[in-house]
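Written out below as structure tokens is the structure these notes cover.
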Amino acid sequence: MSPRILIVEDESAIREMLSLMLAQQGFNVSEAGDVAEAKVVVSEPYPDLILLDWMLPGGSGIGLAKHFRQHELTRHIPLIMLTARGEEEDKVRALDVGADDYITKPFSNKELIARIKAVLRRSAPTSSQDRIDVQGLVLDPTSHRVSVNDTALEMGPTEFRLLHFFMTHPERVYSREQLLDNVWGTNVYVEDRTVDVHIRRLRKAMAATAHDRLIQTVRGAGYRFSARG
């Protein structure tokens, strides 16, 4: 089945252009023109990815991203933020609230398709389906859940894949570049700084149970997942 993409964009000309272009690429497309409509349209069958404009009537893309990340049925849907705001702090803010990628207007159709495919690859089920347990931190690839003592930890799809990689490759230091290659994939448009943002989000998701200590910063080298003190 072709991936389903929801476009949330208030400018009808841009929305129609994106819809036509994505349909020509074989995607199933649905549309929303504002925050309220987007909350209604996001329903079964749930989209595989959401393209989300920053500025929207009735709210903002940032607020809508937070909303999606706070609800069980939508928190695992990958988000790509579309915006004319190109400052680094805006990119970091978008990533902080749950966006998996960020693309600045104007953009080429070729670049957008490449980013969509890269995010869909990253959010696809991991190759290993074995349940992993490290000091009570349990990751189940089959159900796509992370828990501690049967209490679910909330995290986005990129954080899930990052944690899965860490838990299946413990005690080894990985540079930002190595994490990008292994978790995001090669030949994708992602900056090194993005790794730091997702590490911070992952630690935040694990902080309540103190399992954030398992992700260690190795000064000048990168990050390591370790159950050792």
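- With Val119 as reference, Leu49 is the one residue of Asp48, Leu49, Thr158, Leu79 to meet the side-chain contact (heavy atoms from CB on, under 4.5 Å) rule.
- Each of Leu6, Val8, Thr83, Ile62 was checked for a side-chain contact (heavy atoms from CB on, under 4.5 Å) with Leu52, and the lone residue meeting it is Val8.
- Taking each heavy atom of Arg203 and Asp212 in turn, the nearest pair found is O-CB, 3.4 Å.
- Leu64 pairs with exactly one of Ile50, Val35, Asp34, Val97 by the side-chain contact (heavy atoms from CB on, under 4.5 Å) rule, that one being Val35.
- Without hydrogens or angle criteria, Glu31 side chain to Ser19 main chain gives no donor-acceptor distance under 3.5 Å.
- Ring planes of Phe160 and His144: parallel class, angle under 30° (limits at 30 and 60°).
- Ring geometry, His67 versus His71: the interplanar angle falls from 30° to 60°, so the pair is classed tilted.
- Classification of Glu159 and Arg69 as a salt-bridged pair fails, no side-chain N sitting under 4.0 Å from a carboxylate O.
- Annotation for Leu179 and Trp184: closest pair O-CE3, 3.6 Å, computed over non-hydrogen atoms.
- The existence of a salt bridge linking Arg93 and Glu89 is excluded, since no basic side-chain nitrogen approaches an acidic carboxylate oxygen closer than 4.0 Å.
- Dense packing is recorded around CZ of Arg75, with more than 12 heavy atoms of other residues, nucleotides or ligands lying under 6.0 Å away.
- Arg200 has a carboxylate O that lies under 4.0 Å from a charged side-chain N of Asp96, or vice versa, which qualifies the two as a salt bridge.
- Using cut-offs of 30° and 60° for the angle between ring planes, the His169 and Tyr174 rings count as perpendicular.
- More than 12 heavy atoms of other residues, nucleotides or ligands shown are found within 6.0 angstrom of CE on Met167.
- For NZ of Lys204, the number of neighbouring non-hydrogen atoms (other residues, nucleotides, ligands) closer than 6.0 Å is 12 at most.
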